[in-house]
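First the proteins, then the strands, lettered A, B, ... as listed; each starts at 1.
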Protein chains: 2
Amino acid sequence: MAAQRGQRNGVGPAAPNAAEVTAPIPRVAEVPAARERARAIPEAAVARLAVYLRVLSGLQEQGAGTVSSEELAVAAGVNSAKLRKDLSYIGSYGTRGVGYEVAVLIEEIERILGLTRKHSVAVVGIGNLGHALANYGGFPGRGFPVSALFDIDADLIGVPVGGIPVDHIDDITRVCAEREVSIGVIATPPPAAQGVCDRLVAAGVQCILNFAPVVLQVPDHVEVRKVDLAVELQVLSFHVARRADGPAPASASLNGRVDGMVVS
Amino acid sequence: MAAQRGQRNGVGPAAPNAAEVTAPIPRVAEVPAARERARAIPEAAVARLAVYLRVLSGLQEQGAGTVSSEELAVAAGVNSAKLRKDLSYIGSYGTRGVGYEVAVLIEEIERILGLTRKHSVAVVGIGNLGHALANYGGFPGRGFPVSALFDIDADLIGVPVGGIPVDHIDDITRVCAEREVSIGVIATPPPAAQGVCDRLVAAGVQCILNFAPVVLQVPDHVEVRKVDLAVELQVLSFHVARRADGPAPASASLNGRVDGMVVS
DNA sequence: CTGACTTTGTGCACACGTTCACAAGCGGTA
DNA sequence: TACCGCTTGTGAACGTGTGCACAAAGTCAG
């Protein structure tokens, strides 16, 4: 979340009945509004939009033309009111009494998430995880071509992984510039992470996805997201421990899931 | 955040002066406050506690005896007030005017996170990611021994990965029971995820870490956390796009990071 | 023993995110 | 055309989490 220093307009204690934000102008005037709107989307909502997008793609493949907020919400595992609010952040693309047109929604979410432009990804650290990431099919299929791989191990240099040859980390600046990499993924051992991060930043990468269990220091203009597997497990561990204490609320639980669908 | 249905005792506006943990006199009827307290720790704080724990381990290896909230906060990348509040959720283990004793803090955080007990982990889906997880050193070193691996591919069965032989997914119930697996990790292709999830639940697994881009349906008593790589990238993409619009705040940024530390 | 200094622990206020509930708006139907 | 039922979009209430600022509580020097 880094920055955020910017003072927000004095919304204060819930602007009583502030001038209707929707503006008197019919939503035809979308030019500045659409872009300006993006700044206001809560981080949490952005992450959910990505989930909706995936669900919508699935629906589209099944030939669905429209969906109601209720259907989509269930499929995405959220409350329908939240879903509608999330969608309202990007505009009004639904039809009352009917629902949302799948194709339109996909297009709009992709636009807001910036997926209309391809974002080249560079993966640094071609160990087990790096291999997995380089081969991960979910990336290129969704607008994130992995276009560069780096490592420091001489044995790996030049060897293609997932179709892309591994470059030496010393060439990171040049290669990233050449291939217009905008997102860097750090999958190195912890001690190397900050150094790699610095190099990525120097190479002009704007966003970093960090898998190393290290707190990265970056300039304000660089966005970092981290995925820490150990932390995830520890949070789960906490829940196990918490449950072990409480006298357990008897049965109750075991809700109405019935389908015994099994891996096929 | 699946469940949460349970009605919380009317803590309401901050229990006036919650009994001090160390005090032998639990003025609120209930039992050991320490356990009860666990229920009140915000999810976000739990995740940060895990981070503090990692930083503390590093400090301990460097021979540090005590740390102030300020030092620890900087190392963990958070605000010191937030850190103190997070620590206050687990008790009062600091000394005013001095700071926290590293060893004590480590012990207490581990206790709260339930790390004093080992949690066996089962990884399902031994593809690229599954391999990475099976070999990931961060798990066993921190109380999470990976003790079972499963896949549906006959060619993999019996082959040891990271020292553990792969079992067929059909044996999941038996093997998980034998090895007392409490945490399941799903690293299968999306279509297989829900089926695997159902089997894990049937096998008695209480918590699941899901890497498949699918919304899992589980009974209320099972805790699920998901890691979705595509979503992470899309959120980053959103930030890139957002930045591309705004007139860019000129330079400014580039804060005072100086150390040119580079991967060695 | 006293007083100055340091750092914790937390009350409070604010901002953010979630949920509810309902008016507005649209399609279908007679 | 006028009505009816359905679904969206959103104002407002609520709950949670964050950050500030300070009293309480301890150390250390003299």
Novice: Report the nucleotide, chosen from D:dT18, C:dT7, D:dG11, that has the shortest atom-to-atom distance to any side-chain atom of B:Ser68.
Specialist: C:dT7

Novice: Go through D:dG26, C:dT18, C:dG11 for me and flag the one nearest to the B:Thr95 side chain.
Specialist: D:dG26

Novice: Using the closest heavy atom to pick a nucleotide of DNA chain C for each, name whichever of A:Val98 or B:Ala81 lands nearer the 5' end.
Specialist: B:Ala81

Novice: Would you say the side-chain atoms of A:Thr66 pair up with the backbone N or O of A:Gly99, donor to acceptor, closer than 3.5 Å?
Specialist: no

Novice: What integer distance in Å separates B:Ile90:CD1 from C:dT10:P?
Specialist: 12 Å

Novice: Side chain of B:Lys82: nearest nucleotide among C:dT19, C:dA24, D:dG19?
Specialist: D:dG19

Novice: Write down the atom of B:Ile183, the atom of B:His119, and the distance for their closest heavy-atom approach.
Specialist: CD1-CB, 4.1 Å

Novice: Among A:Val224, A:Ile208, A:Asn210, A:Val214, find the one that has a side-chain contact (heavy atoms from CB on, under 4.5 Å) with A:Cys197.
Specialist: A:Ile208

Novice: Identify which nucleotide among C:dG25, D:dA25, C:dT19 has an atom closest to any side-chain atom of A:Arg96, counting heavy atoms from C-beta outward.
Specialist: C:dG25

Novice: Of all the choices, D:dG11, D:dG19, C:dG9, which nucleotide is nearest to the side chain of A:Lys85 once you look at every atom?
Specialist: D:dG11

Novice: Within this structure, what is the CG-to-C1' distance between B:Asn79 and C:dT10, rounded to whole angstrom?
Specialist: 14 Å

Novice: Please confirm whether the shortest side-chain N or O distance from A:Arg48 to OP1 or OP2 of C:dT18 is below 4.0 Å.
Specialist: yes

Novice: Return the 5'-most residue of the pair A:Gly97, A:Asp86 with respect to DNA chain D, ranking by each residue's nearest nucleotide.
Specialist: A:Gly97

Novice: Check the distance between C:dT10's P and B:Leu87's CG and give it to me in whole angstrom.
Specialist: 11 Å

Novice: Can you find a side chain N or O atom of B:Tyr100 that sits less than 4.0 Å from OP1 or OP2 on C:dG9?
Specialist: yes

Novice: Donor-acceptor pair, A:Thr95 side chain versus A:Val98 backbone, under 3.5 Å?
Specialist: no

Novice: Between D:dC20, C:dC22, C:dG9, spot the one nearest the side chain of A:Arg84, thanks.
Specialist: C:dC22

Novice: Please report the distance, rounded to the nearest Å, between OH in A:Tyr93 and P in D:dT7.
Specialist: 22 Å

Novice: Side-chain N or O of A:Ser69 less than 4.0 angstrom from OP1 or OP2 on D:dT8?
Specialist: yes

Novice: Only pairs under 3.5 Å count here: list side-chain donor-acceptor contacts from residues 75-83 of chain A, not counting sequence neighbours, and write none if there are none.
Specialist:
unit_1, atom_1, unit_2, atom_2, d
A:Asn79, OD1, A:Ala81, N, 2.5
A:Asn79, OD1, A:Lys82, N, 3.2
A:Ser80, OG, A:Glu70, OE1, 3.3

